[in-house]
Amino acid sequence: MHQNEIERHLAAFQRGAVDLIEPRGLHKKLARGSPLRLKFGMDPSSPDLHLGHAIPLLKLRDLQELGHTVVLIVGDATAMVGDPSGRNALRPQLAHAEVESNLATYVEQVRTVVDLDRAEIHRNTTWFDRLDFGGLLKLAGRMTVARMLERDTFQTRMSAAEPIGIHELLYPLLQGWDSVEVRADVEFGGTDQLFNLLVGRHFQEQEGQEPQVCVTGPLIDGLDGRKMSKSYGNAVLLVDSPDEKFGKVMALPDAVMELWFQTLTRLPKEEIAGLLAGHPREAKARLAGDIVERFHGRAAAQAARDAFDRRFRDRELPVDIEERAWAEPWPAGGLPLAIALRELGLATSTSDARRKIEQGGVRVDGERLVDPNARIPRPAQGVLLQVGKRAVVRLVPG
């Protein structure tokens, strides 16, 4: 592979990456010119995937288009153990029946991003079901307790006197051994997975294999500013309809848009910067449209935007909208939304306004906001504030 081609592949690996261990090893692997084996493991610990899961899948699809081989590990064995990464409490074990139930639609959800006809798919029960008690002891003997307890997750839980299950200590060993079984060249995961990925390198070196390169991506926040998780109810699911995806993205806090643009779209950095410098609503609509188009096509994305505009700009607005002027100077950093609602009589107090915002009952120019600390940039003409279906005021600068 020529140097220019290597640089093109390196750029695809590096876009949006937080950790890349190690770059020289990746350059060496690419220089050989053979397709790399790209490992990504997914535990079916819940039935639905969300956009946070899609970040590494999108990168895998980019690299698949460059000729590399995706090796998908369906962690039906590791799911029963439970990944302790990023957990502040004991991770419960799943029964085999729960794992199988979650698997029912898992692979088809992955197929919406990755071309599985050109990928390898392995269940890790294939090798772990063959591992007898002696084999498990041998695997456990490859790692010390001291090394395992270096994990920040375990350090945090020990400091807080939270329990750590012995089964949780096995998880990194199992994930690491997956890399040996499939002879991975590169493994992908979130930043909370770095320790597990490094265990894979450790085991490969012990087995005389060339150690895998580790690539981690960021963990994105969800609709309420917390880490995206279905359990928080703040996730955009891959199984959501185009209208649902579009509407949820339009409810994002402005502060998370840049990272979403970088990880979930393939727009150039200059174009992203230009969008973020403009009106937040238009930037968010572009982001929502790009995401919907990626999963459902351009026609579905346009239809979702049209439906959103009809629903939030037309159908739910009363005919007689009161217009009010804001007499005070508009703050340079934006007018606090909670204060605006209080002063306009759309809430009885600041705390009542914050509660209404957090519960998803407030829209600004048709966009649902859930951040109680949200601020309204000074509008050129006016801004539409809506609480519920009927309480609507057009606020204009004084």
Side-chain angles (χ1 to χ4, degrees), residues 220-227 232-234 236 246-262 271-289 305 308-398:
I220 62 171
D221 289 336
L223 307 182
D224 59 1
R226 294 182 293 175
K227 174 185 172 183
Y232 290 155
N234 67 355
V236 182
F246 196 98
K248 286 182 178 182
V249 176
M250 291 300 292
L252 276 179
D254 292 352
V256 309
M257 275 200 292
E258 183 173 6
L259 183 56
W260 278 52
F261 267 118
Q262 290 173 351
E271 189 171 352
I272 293 173
L275 287 165
L276 294 175
H279 195 287
R281 188 186 188 283
E282 284 307 309
K284 215 168 288 184
R286 175 61 187 276
L287 176 62
R305 175 157 191 174
F308 181 88
D309 287 342
R310 286 194 304 271
R311 181 182 175 194
F312 291 99
R313 284 185 171 177
D314 304 331
R315 294 181 182 175
E316 293 186 2
L317 298 180
V319 176
D320 53 336
I321 298 176
E322 179 185 6
E323 186 170 291
R324 300 272 294 276
W326 188 261
E328 300 296 325
W330 205 282
L335 178 64
L337 176 58
I339 291 177
L341 297 181
R342 182 195 69 196
E343 294 301 311
L344 293 170
L346 298 174
T348 58
S349 64
T350 302
S351 59
D352 179 49
R354 293 172 66 88
R355 178 181 58 79
K356 284 180 165 65
I357 295 168
E358 288 179 327
Q359 290 179 347
V362 177
R363 300 187 183 96
V364 177
D365 278 344
E367 175 187 350
R368 189 189 304 275
L369 299 184
V370 294
D371 180 2
N373 299 311
R375 289 175 174 264
I376 310 168
R378 180 183 174 87
Q381 301 296 327
V383 61
L384 208 60
L385 303 184
Q386 183 177 4
V387 178
K389 291 187 176 181
R390 304 298 302 174
V392 184
V393 170
R394 185 181 302 281
L395 180 62
V396 297

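The basis for the numbers below is simple: all heavy atoms, side chains too, and nothing from hydrogens, waters or symmetry mates. Numbers here are sequence positions counted from 1.
- With a 4.5 Å cut-off on side-chain heavy atoms, Val364 and Leu385 count as touching.
- At distances below 3.5 Å, not a single donor-acceptor pair connects side-chain atoms of Glu343 with backbone N or O atoms of Gly345.
- The pair Asp254-Lys284 meets the salt-bridge criterion, since a charged nitrogen lies less than 4.0 angstrom from a carboxylate oxygen.
- Trp330 places a side-chain heavy atom less than 4.5 Å from the side chain of Pro397.
- When every heavy atom of Leu341 is checked against every heavy atom of Ala353, the shortest pair comes out as CB-CB, 4.0 Å.
- A distance of 9.5 Å separates CG in Leu369 from CE in Met250, rounded to the nearest 0.5 Å.
- Remark: Gln386 CD to Arg368 CZ distance equals 9.0 Å, nearest 0.5 Å.
- The distance from atom CD of Glu328 to atom CG of Leu335, rounded to the nearest 0.5 Å, is 10.5 Å.
- Heavy-atom minimum distance, Arg281 versus Arg305: NH1-NH2, 4.1 Å.
- Note that CD of Glu282 is 9.5 Å distant from CG of Leu275, once rounded to the nearest 0.5 Å.
- Note: Glu271 CD to Leu276 CG = 11.0 Å, rounded to the nearest 0.5 Å.
- At least one donor-acceptor pair closer than 3.5 Å links the side chain of Trp260 to the backbone N or O of Asp221.
- Scanning both residues, Pro372 and Glu358, for their nearest heavy atoms gives CG-OE2, 3.5 Å.
- Nearest heavy atoms, Glu367 versus Leu252: OE2-O, 3.9 Å.
- The residue from Val362, Val393, Leu395 that alone fulfils the side chain to side chain contact (heavy atoms under 4.5 Å, CB included) condition with Leu346 is Val393.
- In plain terms, the two heavy atoms of Gly333 and Arg375 that are nearest each other are O-CD, 3.3 Å.
- Side chain of Arg394 to main chain of Glu323: no donor-acceptor pair is present (N/O by atom type, distance under 3.5 Å, no hydrogens or angles).
- Looking only at distances, a side-chain donor or acceptor of Asp365 sits under 3.5 Å from a matching main-chain atom of Leu384.
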Next item on the list: Apply the test side-chain contact (heavy atoms from CB on, under 4.5 Å) to residues Arg324 and Val396: give CA-CA distance (whole Å), side-chain angles for both, the deciding distance (0.1 Å), then the verdict.
Entry: CA-CA 6 Å; Arg324 300 272 294 276; Val396 297; over 6 Å; no
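- Using a 4.5 Å heavy-atom cutoff, the side chains of Arg354 and Asn373 are in contact.
- When all heavy atoms of Ser349 and Ser351 are compared, the closest pair comes out as OG-OG, 3.0 Å.
- Annotation: the span from Phe261 atom CZ to Leu287 atom CG amounts to 4.5 Å, rounded to 0.5 Å.
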